[in-house]
Participant: 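Structure provided below as structure tokens; questions to follow.
Reckoned from all heavy atoms, side chains included, excluding hydrogens, waters and symmetry mates.
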Amino acid sequence: MWESLIEFLNSGNCDPAPDRLPPCTGGLVLRDYRTGAVPKERGVGAMEIADGEVRAYAVFEDSDIFNTATADNEKTWVTGDAMELFFQTRGREDYLELHVTPEEKRLMLHISDYRTHREIPFEEKTFSGPVRVRTRILRERKLWCAEIAFPFELAGLAPESVPGSRFAICRYNYTRPEPEPEITSTRLLPDTGFHYPPGWHVIE
């Protein structure tokens, strides 16, 4: 999957992400989640649902690949580069927020309701579960690749509830010495941030 995403990234065909897509797609473009602007360092992602697993893949241009997190379930969006996957099963209010750093550190959050997520302490949202991550750093090409996968059971997902489930692939991209990261997503979302399931992709 990564090689096909690298080819897509380099093809010049990186159009804005569609509103809807089938369970397996060729590529989704990450843009500024508020304005849709093309970032300085581009990224593309893809979703695959097969064999009882949800899998998200991404390839990112990155001239400064790093994250200083040293263990799972740290606040990886403030410690450096991170890929994020949001997933909500059809018919449910709760959802998963899963991160991976270039160094394969994970952040796993279970959030009961996007409307009140900021009121819940961080430590009460973290969990440990069967979330599989994999990355590849290609420094000479200024790229890093990421994969996040989890079994259906983790999200209360069943084959019949895949259509209508929602997701978004997002990114924090830090470049030193700039103090603020580029923040991008495969979906345009409100200024409130990534936590807006009504605005995520809907799986057909």
Side-chain angles (χ1 to χ4, degrees), residues 2-3 5-17 27-47 56-86 96-109 111 114 117-118 121-123 125-126 131 133-148 167-196 199-201:
W2 287 337
E3 288 304 320
L5 285 177
I6 292 172
E7 183 177 346
F8 177 63
L9 183 66
N10 293 330
S11 68
N13 296 323
C14 290
D15 296 324
L28 299 169
V29 179
L30 284 88
R31 296 182 185 265
D32 185 293
Y33 75 96
R34 297 156 299 184
T35 67
V38 178
K40 292 179 181 178
E41 296 186 318
R42 301 173 303 154
V44 294
M47 170 66 74
Y57 305 87
V59 172
F60 304 123
E61 295 178 336
D62 199 331
S63 57
D64 188 17
I65 304 167
F66 78 98
N67 192 301
T68 59
T70 59
D72 286 346
N73 286 343
E74 294 186 20
K75 295 181 178 180
T76 55
W77 72 95
V78 298
T79 54
D81 301 322
M83 171 194 173
E84 303 186 9
L85 170 64
F86 292 82
L96 299 176
E97 177 185 351
L98 307 173
H99 296 201
V100 62
T101 72
E103 300 80 12
E104 297 188 349
K105 297 297 182 286
R106 302 173 299 167
L107 171 59
M108 296 164 284
L109 300 173
I111 298 168
Y114 76 94
H117 80 95
R118 296 187 189 280
F122 174 76
E123 292 75 16
K125 293 181 283 191
T126 61
V131 176
V133 300
R134 187 168 60 104
T135 65
R136 181 186 301 163
I137 297 173
L138 304 171
R139 292 194 189 277
E140 71 285 356
R141 298 166 68 179
K142 296 183 178 180
L143 295 172
W144 72 280
C145 310
E147 175 187 355
I148 299 173
F167 77 93
I169 298 170
C170 307
R171 176 193 190 188
Y172 274 74
N173 178 31
Y174 287 82
T175 303
R176 295 168 289 194
E178 296 295 327
E180 298 297 326
E182 286 189 313
I183 305 174
T184 55
S185 172
T186 55
R187 295 292 291 147
L188 283 174
L189 297 165
D191 285 342
T192 50
F194 297 153
H195 291 262
Y196 188 65
W200 300 343
H201 301 284

Participant: Can you check whether Arg31 reaches Val38 side chain to side chain, under 4.5 Å on heavy atoms?
Facilitator: yes
Participant: How close do Tyr174 and Pro179 get, counting heavy atoms only, and between which atoms?
Facilitator: CE2-O, 4.3 Å
Participant: How far apart are the closest heavy atoms of Glu61 and Glu41, and which atoms are they?
Facilitator: O-CB, 3.3 Å
Participant: At their closest point, which heavy atom of Thr35 faces which heavy atom of Leu188, and how far apart are they?
Facilitator: C-CD2, 3.7 Å
Participant: Which pairs pass salt bridge (charged side-chain N to carboxylate O under 4.0 Å, His left out) with one or both residues in residues 137-146, sequence neighbours excluded?
Facilitator: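 For residues 137-146: none.
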Participant: Give, for atom CZ of Phe66 and atom OG1 of Thr101, the distance between the pair rounded to the nearest 0.5 Å.
Facilitator: 11.0 Å
Participant: Using side-chain heavy atoms (C-beta onward) and a distance below 4.5 Å, is Asp62 in contact with Arg171?
Facilitator: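 Asp62 reaches Arg171 side chain to side chain.
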Participant: If you compare all heavy atoms of Val100 against all heavy atoms of Ala146, which two are closest, and at what distance to 0.1 Å?
Facilitator: CG1-CB, 3.8 Å
Participant: Residues two or more places apart in sequence or in another chain: which of them pass side-chain contact (heavy atoms from CB on, under 4.5 Å) with Arg136?
Facilitator: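 If we apply the side-chain contact (heavy atoms from CB on, under 4.5 Å) test to Arg136, skipping adjacent residues, the hits are Trp2, Glu3, Leu138, Cys145.
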Participant: Are the side chains of Trp144 and Asp81 in contact, using a 4.5 Å heavy-atom criterion?
Facilitator: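 In contact.
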Participant: State, with a plain yes or no, whether a side-chain heavy atom of Lys105 is found less than 4.5 Å away from one of Glu74.
Facilitator: no
Participant: In Å and rounded to the nearest 0.5 Å, what is the CG to CZ distance from Leu98 to Phe167?
Facilitator: 13.5 Å
Participant: Quick one: does any side-chain atom of Asp64 pair with a main-chain N or O of Arg176 as donor and acceptor, under 3.5 Å?
Facilitator: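 At least one qualifying donor-acceptor pair exists.
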Participant: Side-chain contact test, heavy atoms from C-beta onward, threshold under 4.5 Å: evaluate it for Trp77 versus Ile183 and give yes or no.
Facilitator: no
Participant: Do Met83 and Ile169 come close enough that some side-chain heavy atom pair is under 4.5 Å?
Facilitator: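 Yes; the side chains approach each other to less than 4.5 Å.
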Participant: Any idea which heavy atoms bring Ala46 and Leu5 closest together, and the distance?
Facilitator: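 Scanning both residues completely, I find the closest heavy atoms to be CB-CD2, 4.0 Å.
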Participant: Can you name the residues that form a ring pair (Phe, Tyr, Trp, His ring centres under 6.0 Å) with Phe86, not counting sequence neighbours?
Facilitator: Phe194, His195, Trp200
Participant: What heavy-atom pair brings Tyr196 and Pro190 nearest, and what distance separates the two atoms?
Facilitator: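 For Tyr196 versus Pro190, the nearest heavy atoms are CD2-CD, 3.6 Å.
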Participant: Check whether Asn67 reaches the backbone of Thr76 with its side chain - one donor and one acceptor, N or O, closer than 3.5 Å.
Facilitator: yes
Participant: State, yes or no, whether a side-chain contact exists between Glu84 and Tyr172 at a heavy-atom distance under 4.5 Å.
Facilitator: yes
Participant: Using modelled atom types only, decide if a donor and an acceptor are shared between the side chain of Asn73 and the backbone of Met108 within a distance under 3.5 Å.
Facilitator: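 Flag set: sc Asn73 to bb Met108 pair under 3.5 Å.
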Participant: Between the side chain of Glu103 and the main-chain N/O of Ala69, is any donor-acceptor distance below 3.5 Å?
Facilitator: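 Such a contact is absent between Glu103 side chain and Ala69 backbone.
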Participant: Quick check for you: to the nearest 0.5 Å, what is the distance between Arg118 atom CZ and Ile111 atom CD1?
Facilitator: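 It is 9.5 Å, given to the nearest 0.5 Å.
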Participant: Keeping the roles fixed (side chain from Tyr57, backbone from Val44), state whether a donor-acceptor pair exists under 3.5 Å.
Facilitator: no
Participant: Can you tell if the side chain of Leu9 reaches within under 4.5 Å of the side chain of Leu143, non-hydrogen atoms only?
Facilitator: yes
Participant: Taking the side chain from Glu182 and the backbone from Lys40, do they hold a donor-acceptor pair closer than 3.5 Å?
Facilitator: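 Indeed, once roles are kept as given, a pair shorter than 3.5 Å links the two residues.
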Participant: Starting at NE2 of His117, measure out to CG of Leu109 and round the result to the nearest 0.5 Å.
Facilitator: 10.5 Å
Participant: Check for a donor-acceptor pair, side chain of Arg106 on one end and backbone N or O of Val131 on the other, with a separation under 3.5 Å.
Facilitator: yes
